[in-house]
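As structure tokens, the structure follows; a few thoughts come after it.
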Amino acid sequence: MGPCKNIPMDKVNLRLILVSGKTKEFLFSTEDSASEIAQFVFDNWPEEWNDEGVSRAEILRLIYQGRFLHGNVTLGALGLPPGRTSVMHLVPRETLPEPNSQDQRQKSKSGRSSCCSISCAIL
């Protein structure tokens, strides 16, 4: 184990994992959205990731707990605790996948709208 990093109490330490398994940690505010994070990472692309660079920030997608995050979702809305490290995957994807039948089943089962079933799934 490396030395403990001092993470500011108002920041989320985000460990991003590429498909190749390479990781890098970045500090973000709980107000930062998925699209702002993608743009920041694109603008500050780590040197060790150069062989996996992408042409533009718009195709970088964050995955948290198996779900693609929409661009306007903030870290705070996901309930990520400030002062701690959270892990997400970063993948290049032109478009987000369509909601699959599993989401539809969950929605009809709970009888709630998709936004509520997403927040319940995160818990």
Side-chain angles (χ1 to χ4, degrees):
M1 293 286 291
C4 271
K5 282 177 59 164
N6 287 333
I7 303 166
M9 285 314 295
D10 62 337
K11 299 283 190 198
V12 173
N13 187 47
L14 207 55
R15 179 180 298 138
L16 297 177
I17 306 174
L18 296 182
V19 178
S20 64
K22 292 179 183 170
T23 66
K24 187 80 177 174
E25 294 184 2
F26 299 89
L27 287 174
F28 290 105
S29 152
T30 54
E31 273 87 67
D32 287 332
S33 69
S35 57
E36 290 167 333
I37 291 167
Q39 185 65 57
F40 179 86
V41 173
F42 180 81
D43 293 339
N44 300 273
W45 199 252
E47 213 170 282
E48 58 268 33
W49 289 5
N50 277 349
D51 53 346
E52 298 178 63
V54 294
S55 55
R56 57 189 208 283
E58 289 75 31
I59 66 171
L60 288 174
R61 307 289 182 182
L62 292 169
I63 302 176
Y64 180 61
Q65 294 186 341
R67 284 183 179 271
F68 281 89
L69 300 184
H70 286 274
N72 55 357
V73 175
T74 64
L75 298 182
L78 292 168
L80 299 190
R84 306 270 301 277
T85 297
S86 293
V87 178
M88 290 191 186
H89 288 83
L90 183 70
V91 298
R93 255 322 250 279
E94 284 290 344
T95 55
L96 285 177
E98 290 299 309
N100 57 26
S101 55
Q102 184 186 352
D103 286 346
Q104 293 302 320
R105 275 204 306 276
Q106 283 175 340
K107 196 186 339 187
S108 57
K109 213 187 303 175
S110 65
R112 295 187 183 159
S113 69
S114 57
C115 68
C116 298
S117 66
I118 287 173
S119 59
C120 297
I122 289 169
L123 298 177

| Rounded to the nearest 0.5 Å, how far apart are CD1 of Ile63 and CG of Leu16? |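 These two atoms lie 11.5 Å from each other.
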| What's the spacing between Glu58 CD and Ser35 OG if we round to 0.5 Å? |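 That separation rounds to 9.5 Å.
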| field | Trp49 backbone acceptor or donor facing Glu52 side chain under 3.5 Å | value |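 Not confirmed, Glu52 side chain does not pair with Trp49 backbone.
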| Side-chain (Arg61) to main-chain (Arg93) donor-acceptor, under 3.5 angstrom |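 Judged by distance alone, yes, a pair lies under 3.5 Å.
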Over all atoms of both residues, closest heavy-atom pair of [X] and [Y]:
{"X": "Pro46", "Y": "Phe26", "answer": "CG-CZ, 3.9 Å"}
{"X": "Pro92", "Y": "Val54", "answer": "CB-CG1, 3.8 Å"}
{"X": "Leu60", "Y": "Ala38", "answer": "CD1-O, 3.6 Å"}
{"X": "Trp45", "Y": "Gly53", "answer": "NE1-CA, 3.6 Å"}

| Ser86: partners by side-chain contact (heavy atoms from CB on, under 4.5 Å), with sequence neighbours left out |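 Val12, Leu14, Leu80, Pro81.
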| With sequence neighbours excluded, what pairs up with Ile17 under the side-chain contact (heavy atoms from CB on, under 4.5 Å) test? |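 side-chain contact (heavy atoms from CB on, under 4.5 Å) list for Ile17, sorted by chain: Thr23, Val87, His89.
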Please identify each residue that fulfils salt bridge (Lys or Arg N to Asp or Glu O under 4.0 Å) with [X], with sequence neighbours left out.
{"X": "Lys24", "result": "Glu48"}
{"X": "Arg84", "result": "none"}
{"X": "Glu31", "result": "none"}

Any residue meeting side-chain hydrogen bond (donor to acceptor under 3.5 Å, both in side chains) with [X], in chain and number order, not counting sequence neighbours:
{"X": "Ser55", "value": "none"}
{"X": "Asp43", "value": "Gln39"}
{"X": "Thr85", "value": "Asn13"}
{"X": "Glu47", "value": "none"}

| side chain to side chain contact (heavy atoms under 4.5 Å, CB included) partner of Lys11, chosen from Asp32, Thr30, Leu75, Leu27 |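 Answer after filtering Asp32, Thr30, Leu75, Leu27: Leu27.
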| Taking NZ, NE, NH1 and NH2 as the nitrogens, is one of them in Glu94 or Arg56 under 4.0 Å from a carboxylate oxygen of the other? |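 Salt bridge present between Glu94 and Arg56.
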| Which residues pass the ring pair (Phe, Tyr, Trp, His ring centres under 6.0 Å) test with Phe28, sequence neighbours left out? |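 Counting only residues at least two positions away or on another chain, Phe28 forms a ring pair (Phe, Tyr, Trp, His ring centres under 6.0 Å) with Phe40.
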